[in-house]
Amino acid sequence: MTELTSLTISQATKKLKAKEFTALELTDAYLSATEKANEVLNAYVVQSDDKAREMATASDARLAKGEGGALEGIPLGIKDLFATKDIHTQACSHILDNFKPRYESTVTQNLWDDGAVMLGKLNMDEFAMGSSNETSFYGPVTNPWRNKGSNQALVPGGSSGGSATAVAAHLCAGATATDTGGSIRQPAAFTGTVGIKPTYGRCSRWGIVAFASSLDQAGPITRDVRDAAIMLKSMASVDEKDTTSVDMPIGDYEGAIGNSVKGMKIGIPKEYRRDGMPEEIETLWQQGIDWFRDAGAEIVDISLPHTVYALPAYYIVAPAEASSNLARYDGVRYGLRIDGNDITDTYERTRAEGFGDEVRRRILIGTYVLSSGYYDAYYLRAQKVRTLIKRDFENAFNDGIDMILTPSTPSAAFAIGDEEMAADPVKMFLNDVFTVTVNMAGLPGISVPAGLDKGGLPLGLQLIGKPFAEEELFQAAYVIEQAAGGFVADKWW
Amino acid sequence: MSVDIDTVKRVAKLARIALDADRAKTMQGELNTILGFVEQLNEVDIEGVEPMTSVVDMAMKKRKDVVNDGDKAEDIVANAPAVEENFFMVSKVIE
């Protein structure tokens, strides 16, 4: 039965409809694969076996009648940031101990409405703050990829590290994820999987634990481009419960796959060529350029002059929003409470104990930049820089550029417990240097596996599109996938 | 701009996060590293630039002013650490 877990979403869907196996068999195959693997990889923080079997059985009943939605019987993993009714939802934080929401997030509800099956909740950096999944209260996640001939455990990236590992190790058919500064695309690049952050507003944020509300967006991590198109179509919706969700038709994402990119203008921004970037990344990028040129696209050198300021501006805007969003964790309404001498002491002890180092650090930065006397110097300036970053992209698109090709990350996956990263928070931030511009401008971006480095670790290329041009992104991402082929980690776990 | 230890303590107080002396010292170093990193924004000419308020070009949606939810007291207190008769319980706040 283990073979069933090697099927993509689109393959499994066909075979379920043809009754080659049942949804329950497919779900059981994932549950048994995960049972052993999770002890090593730590991708899931909670497995909802009973719920999964119940949902799969209901899918089988619908499939038997020739009914069923676009994801009927497909077993998915859900990032712990999404509220799932009566099931563990803690953003992998100690402060949300035992929180079981009485409601369902809009994105997950959309998936269940299309027939998907929930396998469990996936590990992540605490409150999605991190780029290595090492800030989780539930411990780090291990990347199924390792350097050739090495047993050293590598990070899967973050914050959606559990999602990326679960997809890459075939512990779910696809996974939900979220991206505030690169948290879908960086882990996808580190694990040889596909991850798309859609345009801000494409997916409802309702029921997703808030980190930085003006940047957070949900999206899928999947094994291939087609699966990402299928999942995003289901996840996206306009929602009365999120006023920032947009009322625009959802494209025919899967239908766009295979369309020619002939004549498309692909921009290559010179600012993404960084000092000290490994030569392999440079080579990979050039390879991507050649693939598009061969496919008939026009390659155009462009400039996005404010690129370098995106990361510092992000580290003002995101912590500022986080300090406000995380004010609600006070030990009164939900989660952990550490009793103190009085109410203020209770708040302070609860938040000191309940938040991890990275979260405390960001709350303090956010509180500082918003505090009286510093607001203009930091927050207001950062929001003005953000306008300039967005304007760079608008200028490129107004000049006729259809989309932009960049590397996804400045390096391949690094070791768990990397001392340099642990010692310097800014060094960890640099993981997001190519992805964060996209969140600051609200644009869609997709990471597609494009090659392996000399150690045999996957590397990704990123495509950045115009607002709501997800269809074109899938169309172009498929060109990379066709040229590069798929990448599957050798099973050692 | 760098922060001194008293600023770190004041900000921690504002954020309602207890910091002992050791942690405050570590935090001071880390905050200064981050503030040093964001310093480069001062190079940018922001003269006449509007601050971003919405990343997507659309008018803020407003919902109708109607009651569309409610009678969920039990759901709301269901996850609280201490509850009595659908009230959140906290230590005495007024003498």
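We name chains A, B, ... by the order of the sequence lines, and we start the count at 1 in each one. Being a predicted model, the structure only gives us computed values, none of them experimental. Any value given below was found using the heavy atoms of this structure, including those in side chains, with hydrogens, waters and symmetry copies removed.
Around CD of B:Glu43, the count of heavy atoms belonging to other residues, nucleotides or ligands within 6.0 Å exceeds 12.
Chain B forms the most heavy-atom pairs under 4.5 Å with one residue out of A:Phe429, A:Tyr315, A:Phe355, and that residue is A:Phe429. If you tally non-hydrogen atom pairs under 4.5 Å between each of B:Ala82, B:Ala80, B:Gly29 and chain A, the highest count goes to B:Ala80. If you tally non-hydrogen atom pairs under 4.5 Å between each of A:Gly201, A:Gly354, A:Pro312 and chain B, the highest count goes to A:Pro312. Considering only heavy-atom pairs separated by less than 4.5 Å from chain A, the leading option among B:Ile76, B:Asn42, B:Val83, B:Leu19 is B:Asn42. Counting heavy-atom pairs under 4.5 Å between each of B:Ala15, B:Ser54, B:Pro51 and chain A puts B:Pro51 at the top.
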Next item on the list: Decide yes or no on side chain to side chain contact (heavy atoms under 4.5 Å, CB included) for A:Thr344 and B:Arg16, but give the supporting numbers first.
Entry: CA-CA 7 Å; A:Thr344 305; B:Arg16 297 286 184 268; 3.8 Å; yes
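A donor-acceptor pair under 3.5 Å is absent between the side-chain atoms of A:Lys384 and the main chain of B:Gly48, judged by distance alone. Side-chain N or O atoms of A:Lys100 include none that pairs as donor or acceptor with a backbone N or O of B:Asn79 at under 3.5 Å.
A distance of 7.0 Å separates CD1 of B:Ile46 from CG of A:Leu380, quoted to the nearest 0.5 Å. For the atom pair B:Arg10 CZ and A:Ser371 OG, the distance stands at 5.0 Å (nearest 0.5 Å). Between the CE atom in B:Met58 and the OG1 atom in A:Thr244 there is a gap of 6.0 Å [rounded to 0.5 Å]. B:Asn68 CG to A:Glu240 CD: the interatomic distance, rounded to the nearest 0.5 Å, is 7.5 Å.
The one candidate from B:Val38, B:Val3, B:Leu31 that meets the side chain to side chain contact (heavy atoms under 4.5 Å, CB included) condition with A:Ile365 is B:Leu31.
Within the 4.5 Å cutoff, the side chain of A:Arg361 has heavy atoms near those of the B:Ile34 side chain. When side chains are defined from C-beta on, B:Val49 counts as touching A:Leu388, because their heavy atoms get closer than 4.5 Å. Contact of the B:Leu14 side chain with the A:Tyr368 side chain is not registered, since no non-hydrogen atoms from C-beta on lie closer than 4.5 Å. Proximity of A:Arg337 to B:Val90: side-chain heavy atoms (C-beta onward) are separated by under 4.5 Å at one or more points. Here the side chains of A:Leu311 and B:Phe37 are in contact, with some heavy-atom distance below 4.5 Å. Within the 4.5 Å cutoff, the side chain of B:Val55 has no heavy atoms near those of the A:Leu443 side chain.
Only the backbone of B:Glu50 has a heavy atom closer than 4.5 Å to any heavy atom of chain A.
The pair A:Glu348-B:Lys13 meets the salt-bridge criterion, with a side-chain N (NZ, NE, NH1 or NH2) lying under 4.0 Å from an Asp/Glu carboxylate O.
Of all heavy-atom pairs spanning A:Tyr309 and B:Gln40, the tightest one is CE2-O, 3.4 Å. In plain terms, the two heavy atoms of A:Gly335 and B:Pro81 that are nearest each other are O-CG, 3.4 Å. Residues B:Ser91 and A:Asp342 come closest through the heavy atom pair OG-C, 3.8 Å.
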